[in-house]
Structures are given as C-alpha cells and as structure tokens.
Amino acid sequence: MVADATMIRGRHEFRDTATATIAAGEIQQMNNGLAGVRTGLDSIASGAGVGFVTEGVFAVPKTASVYVTDGQPVYWDHSANSATYAPASDRDFFLGSAVGDAAAAATTMNVNLNVKPEYNISLQRDEFLTVIVKTVVGSTTVEVPHLRQFGGTTAMIFGATAEAQKLDLLSQQGFALASNWIVEGCFNVIDDGDASAIDFNIGVANATHATDADAITESVFLHLDGNALDLFTESDDGTTEVAAEDTTVNIALGTPVHFVIDGRNPAGVLIYINGVARGTGPYVLSAATGPLKLLAHLEKTSDDTTADYRINYLRVRTAERD
C-alpha cells in the first residue's frame, strides 16, 4: 500500500540557498508569506544551504515603548528588526501571536510563530445590527446617512442634509463581562465634518442608542467630540462613570488609529492606543451586568455637516484563563 505522504523534513522547515550571510535566529519572510526563523547555532555564509522553521514559540526583539497583550497579533517590522502591534506600508509581515503580555519597557517578547488569534466576534466577519436614524421626512437622496463597504472596512457616512442623524454597528452576539475579554480595534477618520455637531464612539457597550451614546448605561469608549481631533476615553457601568478624559492623542485625518481595550479586570479596564497605555482612569465596569457587545456609534445633531468614519476592524478575544 502506497503511503499518503512521505516526510521530507519536520517542523515545517524550509530549505534554500543563502544569497547573503544569515545569522542564527534571523527572521525572514518565506516565499509563501510565512515568517521563518533561521535554524542552527552558527551563521550561514552566502551560497550555503540554509533552513528556516515556521512554527514554534520564539523570543524576539520588541519595539521599544510598545505594549502587547497576551494573544494579540504581532508583526515584524522589517526595517527595525523588531516585533510590533501593526504593520507599516513597508516590507512588514505577520509574525504570530503574543505569548503572555509584553510590557512597554520589555525589549523582547515571546511569539507563537505564524499562529493567528481566534476571535469570538469580529465585525468584519460576523453579523452586526444597524439602525439608521434621520429626521427629515422624505430625505431619500444619496445624502441620507448610510453604510458603505470598502473591502473589509465599513464606512459610516453622513450626508449634507441639515438633520439629526445616527449610524451604528452593534455586534449581534455579545460576551460575558467575566470572560477575560480583550478588544482590538482600528478606525480611520476621512471626513470629520465642519461643526461640533458630530459625536463618535467606538468600543464596547451593553446596547446602542438612537441619538446619544452618552446615554448608554454600560460602556468603555474611545471618543471624538465634534470635528476636534482630540481623542478621549471614558467608561460607565451604571454606577461609576469615568468622564471623558483627553488621551493627549490627536488623530490625523486619513491615518488609522489602532487600539486595544483590555477588560480582563473589570475593576481596572486598560486602554492602549497605537501600542501605548492611555488615560489614567481607571476605567470601571465592575457593576455592569452585560452582556457586552462591540459597538461603533456615529451621531450628529441637526446640521448640514458631512462625515466619513471608517471601521477597519473591531473584534474581541475571550479566554477561560487570564
């Protein structure tokens, strides 16, 4: 009987010929897109055979001052030769998922090579609910508020009709407060309007609201107020409200903002923006009952300002163990 497969080499090892000197432990991207780690203890000279493995847990250099949560996707900064939270428009590539938390001060971190995180809920993948609110009777032109897809990105767009408008993306599925949850998100503001009528919130909440996200009883949000570029953070659990706090981060139109909301401790929820801890908080959900859901919420009062807020991704991981 002919075997189904014959092992050529184990550990998913790739063999090639070095075109330049390659150090032991060097990270390179393979021709199938996977990250590879050079095997062996000695450097390899140009022209010699070289092997790379594409699985296993490895200690790697980490970008300075960046905090990465356990299980978070990690990318290899090709130019800096270090792991970081998001790729740049360069030769960066996916490296794996973090094994354990990596503090900002740490110079190395552990990565499970080429292993992608598993998300319980993702607005890019799973069903979400949306209710479009407008107030002008008969406003049926293209200018009415609407959602639009750009690849996997959902754009929340307000038209120029002078009316109160609301758009939201609320995950159909929720998750328990005590589920050791970590939310990852990324948004990009293309058009922030021309007046203070706009209000944008993104994060987690137990519900949505037809006109005012501040009225939601349980939430942790990143918040933009009007067309100001100052990014705020806030929380409310129905008992303790942490008022909107300036993170000192100012967004730039057309530049994505990456963030993590770490809810593993509901009494001290942590928020990281572009890999850096922000806000003194502590953001509190201790009295919340949930279930919590992913939410992006855009509203405006009666004004003719337009807006274009894009949700690149919003997703949550939960765990039996923290």
Side-chain angles (χ1 to χ4, degrees), residues 69-73 85-86 116-133 145 147-157 166-189 199-210 212-224 231-238 242 256-266 269-274 278-279 283-285 288-299 309-319:
T69 56
D70 189 13
Q72 187 174 332
Y85 64 93
K116 294 184 177 181
E118 182 62 35
Y119 298 99
N120 295 60
I121 311 168
S122 170
L123 293 189
Q124 292 176 291
R125 179 193 67 200
D126 302 318
E127 181 182 3
F128 59 80
L129 305 175
T130 185
V131 176
I132 297 175
V133 172
L147 301 177
R148 187 175 178 184
Q149 290 299 127
F150 295 93
T153 293
T154 302
M156 309 172 76
I157 299 174
K166 187 272 294 182
L167 288 168
D168 54 4
L169 309 178
L170 178 70
S171 63
Q172 170 79 353
Q173 182 182 341
F175 53 95
L177 179 69
S179 59
N180 294 313
W181 54 273
I182 298 176
V183 165
E184 300 166 11
C186 179
F187 67 91
N188 189 1
V189 182
D199 198 45
F200 175 69
N201 291 275
I202 186 169
V204 299
N206 66 334
T208 188
H209 195 276
D212 184 10
D214 287 339
I216 298 172
T217 56
E218 299 173 6
S219 64
V220 178
F221 285 143
L222 282 73
H223 169 71
L224 288 168
L231 186 57
F232 290 79
T233 46
E234 60 188 24
S235 70
D236 193 350
D237 67 358
V242 179
V257 177
H258 298 265
F259 66 89
V260 171
I261 304 175
D262 182 353
R264 288 175 290 181
N265 175 15
V269 178
L270 302 173
I271 299 177
Y272 303 91
I273 300 173
N274 295 331
R278 296 292 179 177
Y283 305 103
V284 178
L285 284 177
T289 58
L292 298 174
K293 298 186 175 186
L294 303 173
L295 177 64
H297 190 283
L298 182 65
E299 64 194 64
Y309 286 66
R310 302 187 182 183
I311 312 305
N312 297 44
Y313 58 82
L314 188 58
R315 58 206 185 193
V316 62
R317 295 179 281 115
T318 64

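All values below were derived from every heavy atom in this structure, side-chain atoms included, with hydrogens, water molecules and symmetry-related copies excluded. This structure is a prediction, so every number in the text was calculated from the model and none was measured.
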Which residues share a side chain to side chain contact (heavy atoms under 4.5 Å, CB included) with Asp214, sequence neighbours left out: Asp212, Glu234

Gap between atom CG of Leu222 and atom CZ of Phe187 - 0.5 Å precision: 6.0 Å

Pairs meeting criterion side chain to side chain donor-acceptor pair (under 3.5 Å) with involvement of residues 166-179, two or more places apart: Thr130-Asp168, Lys166-Asp168, Asp168-Thr208

Where Ala296 and Met156 come nearest, the two heavy atoms and their spacing: O-CE, 3.7 Å

Pair Ile311-Ile202, side chain to side chain contact (heavy atoms under 4.5 Å, CB included): steps then yes or no: CA-CA 9 Å; Ile311 312 305; Ile202 186 169; 3.9 Å; yes

Flag side-chain contact, heavy atom, 4.5 Å: Leu314 against Leu169: no

Euclidean distance, Leu298 CG relative to Ile157 CD1, rounded to 0.5 Å: 10.5 Å

All ring-ring contact (aromatic ring centres under 6.0 Å, His included) counterparts of Tyr283, not counting sequence neighbours: none

Spatial distance of atom CD (Gln72) from atom OH (Tyr85) [nearest 0.5 Å]: 10.0 Å

Exam field: side chain Asn201 to backbone Phe221, donor-acceptor pair closer than 3.5 Å: no

Salt bridge (Lys or Arg N to Asp or Glu O under 4.0 Å) pairs, two or more places apart, involving residues 147-157: none

Short side-chain to backbone donor-acceptor contact, Glu218 and Gly290, under 3.5 Å: yes

Distance in Å, Thr318 OG1 paired with Leu292 CG, rounded so as to fall on 0.5 Å steps: 12.0 Å

Set of ring-ring contact (aromatic ring centres under 6.0 Å, His included) partners for Tyr309, sequence neighbours left out: Phe200

Thr154 and Leu123, any side-chain heavy atoms less than 4.5 Å apart: no

Closest non-hydrogen atom pair, Ile216 against Ala205: CG2-CB, 3.9 Å

Salt bridge (charged side-chain N to carboxylate O under 4.0 Å, His left out) partners of Glu299, counting only residues at least two apart: none

Check: Arg315 side chain, Arg125 main-chain N or O, donor-acceptor pair, under 3.5 Å: no

Which residues share a ring-ring contact (aromatic ring centres under 6.0 Å, His included) with Phe232, sequence neighbours left out: none

Side chain to side chain contact (heavy atoms under 4.5 Å, CB included) involving Asp236 - partner list, sequence neighbours excluded: Ser219, Glu241

Verdict with supporting geometry, Asp199 and His223, side chain to side chain contact (heavy atoms under 4.5 Å, CB included): CA-CA 8 Å; Asp199 198 45; His223 169 71; 2.6 Å; yes

Counterpart residues, ring-ring contact (aromatic ring centres under 6.0 Å, His included), relative to Tyr119 (two or more places apart): none

Asn274 side chain vs His258 backbone, donor-acceptor pair below 3.5 Å: yes

Greater than 12 external heavy atoms within 6.0 Å of Glu118's CD: no

Salt bridge (charged side-chain N to carboxylate O under 4.0 Å, His left out) partners of Arg278, counting only residues at least two apart: none

Nearest heavy atoms of Glu184 and Pro73, plus distance in Å: OE2-CD, 3.3 Å

For the student: nearest non-hydrogen atoms of Val284 and Val242, plus distance: N-CG2, 4.4 Å

Test side chain to side chain contact (heavy atoms under 4.5 Å, CB included) applied to Leu270 - qualifying residues, sequence neighbours left out: Asp262, Tyr272

Test item: Phe175 and Ile121 side chains (from C-beta on) under 4.5 Å apart, heavy atoms: yes

With sequence neighbours excluded, residues passing side-chain hydrogen bond (donor to acceptor under 3.5 Å, both in side chains) with Asn188: none

Closest approach of Gly279 to Thr233 (non-hydrogen atoms, all atoms of both residues): CA-OG1, 4.4 Å

4.5 Å side-chain heavy-atom contact, Leu295 and Val204: no

Distance, nearest 0.5 Å, that separates CG of Leu285 from CG of Asp237: 6.0 Å

Where Asp70 and Arg317 come nearest, the two heavy atoms and their spacing: O-NH1, 2.8 Å

Separation between OG1 of Thr217 and CG of Asn206, rounded to the nearest 0.5 Å: 3.5 Å

